[in-house]
Enquirer: 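Input: one structure, supplied below.
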Amino acid sequence: QVQLVESGGGLVQAGGSLRLSCAASGRTFSSSTMGWFRQAPGKEREFVSAIRWSTGSTYYGDSVKGRFTMSRDNAKRMVYLQMNSLKPEDTAVYYCAAAVNIATIWEPRHYDYWGQGTQVTVSS
């Protein structure tokens with residue numbers, strides 16, 4: 001089992017920045033990929049970004065490319081999401097997820113473990 005705990009959400013004005021953190025514990029060595037997803041009310045869960053533990057390779061959804069940056073700290077088993085130039089449409093609950101073996105990084109159903117989520121609200 002892998003436990004994930006997100007932190008860092010909050011209320012920010014449009015154009016501002018936030019940094020989300022995700023602490024992984026338990027059998028973290030079993031996971032190959034970490035991802036961030038978000039879900040706004042009435043919408044499907046949306047892929048935001050992903051990172052490979054081993055190589056640090058990162059992947060981003062089209063709506064956040066150039067504004068968000070995902071990083072990892074292997075020693076601490078932490079992943080981060082630096083969010084800049086935030087827009088009201090970024091408002092959502094943000095979830096951290098871990099995948100053991102993954103075929104498609106942007107598919108939520110391919111992730112095995114999920115955190116409880118953290119709310120991000122961007123005011124206009």
Side-chain angles (χ1 to χ4, degrees):
Q1 291 287 336
V2 175
Q3 293 79 43
L4 303 172
V5 179
E6 305 98 334
S7 61
L11 173 65
V12 64
Q13 288 189 330
S17 299
L18 278 176
R19 188 194 194 208
L20 304 184
S21 300
C22 175
S25 61
R27 297 173 62 86
T28 59
F29 60 86
S30 65
S31 65
S32 65
T33 305
M34 299 292 292
W36 285 101
F37 289 80
R38 67 187 182 186
Q39 189 165 19
K43 295 189 176 181
E44 293 186 352
R45 194 160 293 193
E46 177 190 11
F47 171 72
V48 174
S49 66
I51 193 167
R52 307 284 192 187
W53 278 120
S54 58
T55 63
S57 298
T58 52
Y59 311 84
Y60 298 95
D62 288 341
S63 61
V64 306
K65 280 180 183 176
R67 300 188 299 123
F68 291 10
T69 303
M70 188 172 183
S71 61
R72 82 210 192 290
D73 184 327
N74 284 28
K76 294 181 180 179
R77 303 309 275 182
M78 296 281 295
V79 294
Y80 307 96
L81 185 67
Q82 178 65 43
M83 306 186 294
N84 298 329
S85 302
L86 283 162
K87 306 174 182 180
E89 51 263 44
D90 294 317
T91 296
V93 176
Y94 284 70
Y95 296 91
C96 177
V100 176
N101 295 303
I102 191 164
T104 309
I105 56 167
W106 60 83
E107 284 283 358
R109 61 188 174 90
H110 287 185
Y111 287 77
D112 303 286
Y113 305 100
W114 292 84
Q116 82 288 351
T118 185
Q119 177 71 46
V120 171
T121 303
V122 184
S123 62
S124 58

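Positions are given from 1 along the sequence. This one's a predicted model, so the numbers in the text were calculated from it and none came from an experiment.
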Enquirer: Any idea which heavy atoms bring Ala92 and Arg38 closest together, and the distance?
Expert: CB-CB, 3.8 Å

Enquirer: Checking Gln116 now: which residues fulfil side chain to side chain donor-acceptor pair (under 3.5 Å) with it, not counting sequence neighbours?
Expert: Glu6

Enquirer: Roughly how far apart are Gln39 CD and Glu44 CD, rounded to 0.5 Å?
Expert: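 Taking CD in Gln39 and CD in Glu44, the distance rounds to 8.5 Å.
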
Enquirer: To the nearest 0.5 angstrom, please state how far the OH atom of Tyr59 sits from the OG atom of Ser49.
Expert: 12.0 Å

Enquirer: Any link between Trp106 and Val93 through a network of hydrophobic side chains (Ile, Leu, Val, Met, Phe, Trp, Tyr) touching at under 4.5 Å?
Expert: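 The answer is yes; both residues are in one hydrophobic cluster.
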
Enquirer: About how many Å separate CZ of Arg52 and OG of Ser31, when rounded to the nearest 0.5 Å?
Expert: 11.5 Å

Enquirer: Give me the atom names and distance for the closest heavy-atom approach of Tyr80 to Ser21.
Expert: CD2-OG, 3.4 Å

Enquirer: Considering non-hydrogen atoms only, spot the tightest contact between Gln82 and Ser17 and give its length.
Expert: NE2-CB, 3.9 Å

Enquirer: Answer yes when Lys87 and Asp90 have at least one side-chain N-carboxylate O distance shorter than 4.0 Å, and no when they do not.
Expert: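 Judged by the 4.0 Å cut-off on N to carboxylate O distance, Lys87 and Asp90 do not form a salt bridge.
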
Enquirer: Find the distance between OG (Ser54) and CZ (Arg72) and round it off to the nearest 0.5 Å.
Expert: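 So the OG of Ser54 and the CZ of Arg72 are separated by 7.5 Å.
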
Enquirer: Measure the CZ-OG1 distance between Arg109 and Thr104 for me, rounded to the nearest 0.5 Å.
Expert: 7.0 Å

Enquirer: Where do Ser124 and Pro88 come nearest, in terms of heavy atoms and distance?
Expert: CB-CG, 3.8 Å

Enquirer: Can you see which heavy atom on Ile105 is nearest to which on Phe37, and at what distance?
Expert: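 Result for this residue pair: O-CZ, 3.9 Å.
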
Enquirer: Please give me the minimum heavy-atom distance between Glu46 and Ser63, naming the atom from each residue.
Expert: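 Minimum heavy-atom contact is OE2-OG, 3.1 Å.
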
Enquirer: Tracing side-chain links under 4.5 Å among I, L, V, M, F, W and Y, which residues wind up in one group with Leu18?
Expert: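 Traced through the cluster, Leu18 reaches Val2, Leu4, Val12, Leu20, Met34, Trp36, Val48, Ile51, Trp53, Tyr60, Val64, Phe68, Met70, Val79, Leu81, Met83, Leu86, Tyr94, Val100, Tyr113, Val120, Val122.
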
Enquirer: Just to verify, what does Lys43 make a side chain to side chain donor-acceptor pair (under 3.5 Å) with, not counting sequence neighbours?
Expert: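 None.
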
Enquirer: About how many Å separate CD of Gln119 and OG1 of Thr91, when rounded to the nearest 0.5 Å?
Expert: 7.5 Å

